[in-house]
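See structure below.
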Amino acid sequence: MSRKILLVDDEPLVTEELQEALEFEGHAVEAVCNVSDALAAYDRDPFDLIITDLKMPQLGGLDLLRALRERDGPPKVFVLSGHGAESNRTEAMDLGAEDCFSKPVDPDMLAERIACLFN
């Protein structure tokens, strides 16, 4: 089943690769490069799933999770991390993230995890 997915990452190569892979799986994907744009996109048209980088300039994935918790019916969120800080991953899960993945992410594994999440 097709899902609306928002990718949030400041690395264009990461978002391009994941967007292409997820669209190939039949999902509708929008990509943005920062938390402010992510919140604006979500408020304009809610998504089924948000996949966000943990560390970005200014605001990061933890900030996004905190902001989403204040909204009605927050979406499911996956967090991507190129950094090994386990405490940040634990905090992300405490803030409601469904799962955390290390970069680089295997697009096939991510697609499989999305399918499991919604079944």
Side-chain angles (χ1 to χ4, degrees):
M1 174 180 227
S2 177
R3 298 290 174 179
K4 287 179 51 183
I5 299 173
L6 178 63
L7 293 176
V8 187
D9 200 310
D10 61 319
E11 297 178 45
L13 293 177
V14 171
T15 53
E16 185 178 305
E17 178 184 339
L18 290 178
Q19 183 171 8
E20 184 177 300
L22 293 170
E23 287 175 343
F24 180 80
E25 294 290 327
H27 301 292
V29 182
E30 182 175 340
V32 296
C33 62
N34 61 59
V35 170
S36 297
D37 288 348
L39 291 171
Y42 182 77
D43 288 341
R44 183 177 58 250
D45 190 17
F47 292 80
D48 299 310
L49 174 66
I50 295 177
I51 301 172
T52 183
D53 191 10
L54 188 60
K55 298 284 185 182
M56 293 180 280
Q58 299 169 347
L59 300 174
L62 296 177
D63 299 303
L64 179 57
L65 282 163
R66 286 185 196 99
L68 289 170
R69 286 179 74 172
E70 297 175 6
R71 284 152 170 83
D72 289 335
K76 296 181 183 314
V77 178
F78 286 164
V79 174
L80 308 178
S81 177
H83 308 279
E86 191 59 38
S87 62
N88 287 335
R89 291 172 184 238
T90 300
E91 186 175 358
M93 298 299 280
D94 289 345
L95 288 170
E98 297 289 331
D99 212 338
C100 295
F101 302 92
S102 295
K103 289 181 178 180
V105 178
D106 176 352
D108 292 332
M109 184 270 309
L110 185 61
E112 182 178 308
R113 181 65 180 98
I114 292 169
C116 290
L117 183 65
F118 291 103
N119 284 335

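Quick note: residue numbers are just sequence positions, from 1.
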Looking at every heavy atom in both Gly96 and Leu65, which two are closest together, and how far apart are they? C-CD2, 4.5 Å
Rounding to 0.5 Å, atoms CG (Leu39) and CG (Leu68) come to a distance of 6.0 Å
Contacts of Glu25 that satisfy salt bridge (Lys or Arg N to Asp or Glu O under 4.0 Å) - sequence neighbours left out: none
Does Arg3 form a side chain to side chain contact (heavy atoms under 4.5 Å, CB included) with Lys76? I'd like the steps, not just the answer. CA-CA 11 Å; Arg3 298 290 174 179; Lys76 296 181 183 314; over 6 Å; no
Using atom types as modelled and distance alone, determine if a side-chain donor or acceptor of Gln19 lies under 3.5 Å from a backbone N or O of Leu7. no
Ile5 vs His27, side chain to side chain contact (heavy atoms under 4.5 Å, CB included): CA-CA, chis, key distance, verdict: CA-CA 7 Å; Ile5 299 173; His27 301 292; 3.7 Å; yes
If I take atom CZ from residue Phe118 and atom CG from residue Asp48, how far apart are they, to the nearest 0.5 angstrom? 5.0 Å
Backbone of Cys33 reached by a side-chain donor or acceptor of Asp37 within 3.5 Å: no
Please test Asn88 against Lys55 for side chain to side chain contact (heavy atoms under 4.5 Å, CB included), starting from the C-alpha separation and ending with a verdict. CA-CA 10 Å; Asn88 287 335; Lys55 298 284 185 182; 3.2 Å; yes
Is atom CD of Glu23 surrounded by more than 12 heavy atoms (other residues, nucleotides or ligands) closer than 6.0 Å? yes
For Asp63 and Gly60, indicate whether the former's side chain and the latter's backbone hold a donor-acceptor pair under 3.5 Å. yes
With side chain to side chain contact (heavy atoms under 4.5 Å, CB included) as the test, would you mind laying out the steps for Leu95 and Arg66 before giving the verdict? CA-CA 7 Å; Leu95 288 170; Arg66 286 185 196 99; 3.9 Å; yes
Roughly how far apart are Ile114 CD1 and Asn119 CG, rounded to 0.5 Å? 11.5 Å
Any heavy-atom pair between the side chains of Glu17 and Val105 that's under 4.5 Å? no
So among Ile50, Asp53, Val77, which one has a side-chain contact (heavy atoms from CB on, under 4.5 Å) with Leu64? Ile50
Qualifying residues under ring pair (Phe, Tyr, Trp, His ring centres under 6.0 Å), relative to Phe47, sequence neighbours excluded: none
Once rounded to the nearest 0.5 Å, what's the spacing between atom SG of Cys116 and atom CD of Glu98? 12.0 Å
Would you compute the distance between atom CG of Leu110 and atom CZ of Phe78 and round it to the nearest 0.5 angstrom? 6.5 Å
Does the Lys4 side chain pair with the main chain of Pro46, one donor and one acceptor, at a distance under 3.5 Å? yes
For residues 107-118, the side-chain hydrogen bond (donor to acceptor under 3.5 Å, both in side chains) pairs (sequence neighbours left out) are Asp99-Arg113
Would you compute the distance between atom CG of Leu80 and atom CD1 of Ile51 and round it to the nearest 0.5 angstrom? 6.5 Å
